[in-house]
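Encoded as structure tokens, the structure appears first; notes follow it.
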Amino acid sequence: MPNTAPTSLSREQDPADWCAVIAVFFLALVWHRLGIPSKIYFDEVHYIKAARALLELKRANPEHPLLGKEIIAASIALLGDKPLFWRVPSALLGALGLFAFGRALWFASGSRFAALAGMGLLASDFAWFIQSRIAMLDMFMASFAMIALWMLAAAVRRPEQGRWRLALAGIALGLSIASKWSILPAAMLPGLTFLAMKLKANGRRFLIAKEGGPVRGVSLLEAALWLGLVPLAAYWCTFAPSFYYHDHAIRPLAMIEHHRYMLQLQDSVVKPHPYMSQWYQWLIDWRAVWYLYEVVDGAQRGVVLIGNPVSMLAGLPAVLWALWAGIWRRRYDALACAVLYITCLGMWAVSGKPVQFYYHYLLPGTFLMACLALALDELRRSGWRWVTYGTLAATAAVAIWFYPIISAAQLHDGKQSYAKWMWLRSWR
């Protein structure tokens, strides 16, 4: 949500071109060695097999929604069943989601610096890069979520475009949920915000009044259509292939029953895993997840998922600042980012899911980078430019140092190559 009343932004100041440049550069980095390892690795084992089964209209991996597996299956059908093509959708959506993240920050804050710095922070936080290079569901969920936030922020800033932007936001929210349920708590926030602001502005007329609220000219009833019914319809449509399974076909009007089954399957995973961790460990970058570490494609290679130590730790005080600035200074852009972070992290804090991993921090970590970008922009404007640019430089330097061990590059020191990146014993 913008930090001031909605006004038109200067097109001369709009950093859309630079956002596109950063996204393309990110895609080029992701694309480099995208086909390595030339075999299934880590959780690809679940989703590649499910995509192949889907092409034969067979049920597999029923505990998750279908969209991510449908996208992987489409890539296999169109391009071929090869490692590069399994991962192309994640790469493309990773770049698109990064671009959408920058656009959302621009429309929310009106700051070129925050938008571009935020993109740089997200591109170098390790998690966004690694998940853009693997055929898992998380990048589909996160990227569609960023597209939805882009449309929502733009609808608030430019209410004359509010209707079609809210419609696109609703579709993107539905597609995000249809990729993975991790977005659900955040997906409810736009509608709740609409409700609260309409109640405050219009009292008893809150349902039908078009004045007041986040998007002028849009009533709460209409917002319920775009942000409630449209996401549900988009979500339901993604299950269409399951209606035609050869065995265990889902009845189109029996979705509640099927979702109970999905929840039962998700809660049934209780076997401990050596890389499992808890939400409070994610905050301090305590526990890594090794996606790959072996001799493959003619060399010792590795992919370790941790967060960039500089930006992930610097982001924590930034969240506190964002809460303070949002409440006491009415910086609603900062408040929105902080609330999204706390909501997405809080879901895992209260979740009954016994086995959790650091990659579940992908979405909270994304909003953490948004808080950090806004905080650095505030420091820059307050005369603390050396802190701002020093933080960005340190983040970039650490990302460059860790690049070989997050990109499956050839490691030249044999089996002990990993040791120079293991700053904490808990990362081993």
Side-chain angles (χ1 to χ4, degrees), residues 1-9 65 67 100 103-104 107-110 141 144-240 252-256 258-259 326 330 332-333 335-340 342-344 346-347 363 367:
M1 186 177 298
N3 57 355
T4 60
T7 56
S8 296
L9 299 174
L67 182 60
R103 301 304 290 150
F107 281 111
S109 68
M141 174 271 297
F144 284 124
M146 294 306 109
I147 293 170
L149 290 174
W150 168 18
M151 291 297 109
L152 287 166
V156 175
R157 184 69 75 168
R158 293 177 176 163
E160 72 279 4
Q161 302 174 354
R163 185 163 286 110
W164 66 264
R165 288 190 181 274
L166 286 176
L168 289 179
I171 294 170
L173 282 175
L175 297 181
S176 181
I177 299 168
S179 300
K180 200 170 184 180
W181 288 348
S182 303
I183 188 61
L184 272 171
M188 294 187 293
L189 291 178
L192 292 174
T193 301
F194 237 102
L195 172 61
M197 295 186 70
K198 285 293 186 181
L199 273 171
K200 181 179 179 181
N202 301 288
R204 295 178 181 179
R205 299 178 58 252
F206 73 98
L207 283 175
I208 59 173
K210 293 188 176 182
E211 59 271 16
V215 182
R216 296 195 307 272
V218 177
S219 69
L220 182 61
L221 284 177
E222 183 180 352
L225 168 65
W226 302 128
L227 301 179
L229 295 180
V230 167
L232 286 174
Y235 177 79
W236 182 86
C237 287
T238 63
F239 281 85
L253 299 181
M255 295 295 285
I256 293 177
H258 178 66
H259 279 65
R330 297 187 178 183
Y332 298 131
D333 54 342
L335 182 62
C337 292
V339 169
L340 284 165
I342 293 169
T343 300
C344 292
M347 182 195 75
L363 202 56
F367 297 124

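Remember, it's a predicted structure, so these values are computed and weren't measured experimentally.
Checking side-chain atoms of R157 against main-chain N and O of F107 turns up a donor-acceptor pair under 3.5 Å.
Taken from CE in M188 to CD1 in I183, the straight-line distance is 10.5 Å, to the nearest 0.5 Å. The distance from the OH atom of Y235 to the CG atom of L175 is 12.0 Å, given to the nearest 0.5 Å. For the atom pair CG of L363 and SG of C344, the computed distance is 4.0 Å after rounding to the nearest 0.5 Å. Note: T193 OG1 to Y332 OH = 12.0 Å, rounded to the nearest 0.5 Å. Separating the CG atom in L173 from the CG atom in L232 is a distance of 10.5 Å, to the nearest 0.5 Å. Summarising the geometry, atom CD1 belonging to I171 is positioned 8.5 Å from atom CH2 belonging to W226; distances are rounded to the nearest 0.5 Å.
Closest approach of A223 and V218 over heavy atoms only: N-CG1, 4.0 Å. For the pair P65 and A178, the tightest heavy-atom approach, listed with the atom from each and the gap, is CB-O, 2.9 Å. Contact detail for A104 and A153: the closest heavy-atom pair is O-CB, 3.8 Å. Of all heavy-atom pairs spanning C337 and F367, the tightest one is O-CB, 3.8 Å. Summarising the geometry of G191 relative to L227, their closest heavy-atom pair is N-CD1, 4.3 Å, with the distance given to 0.1 Å. Heavy atoms only, all atoms of each residue included: S219 and F194 are closest at O-CE2, 4.3 Å.
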Could you pull out every donor-acceptor pair under 3.5 Å between side chains of residues 199-209 and any protein atom, sequence neighbours left out?
residue: N202; atom: ND2; partner: K198; partner atom: O; Å: 3.4
residue: N202; atom: ND2; partner: E211; partner atom: O; Å: 3.0
residue: R205; atom: NH1; partner: E211; partner atom: OE2; Å: 2.9

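Under the 4.5 Å side-chain criterion, counting only non-hydrogen atoms from C-beta, W236 is in contact with P252.
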task = Take K210 and E222, measure what salt bridge (charged side-chain N to carboxylate O under 4.0 Å, His left out) needs, and give me the verdict at the end.
result = CA-CA 9 Å; K210 293 188 176 182; E222 183 180 352; 5.5 Å; no
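Ring pair H259/W181 is parallel by interplanar angle, where below 30° counts as parallel and above 60° as perpendicular.
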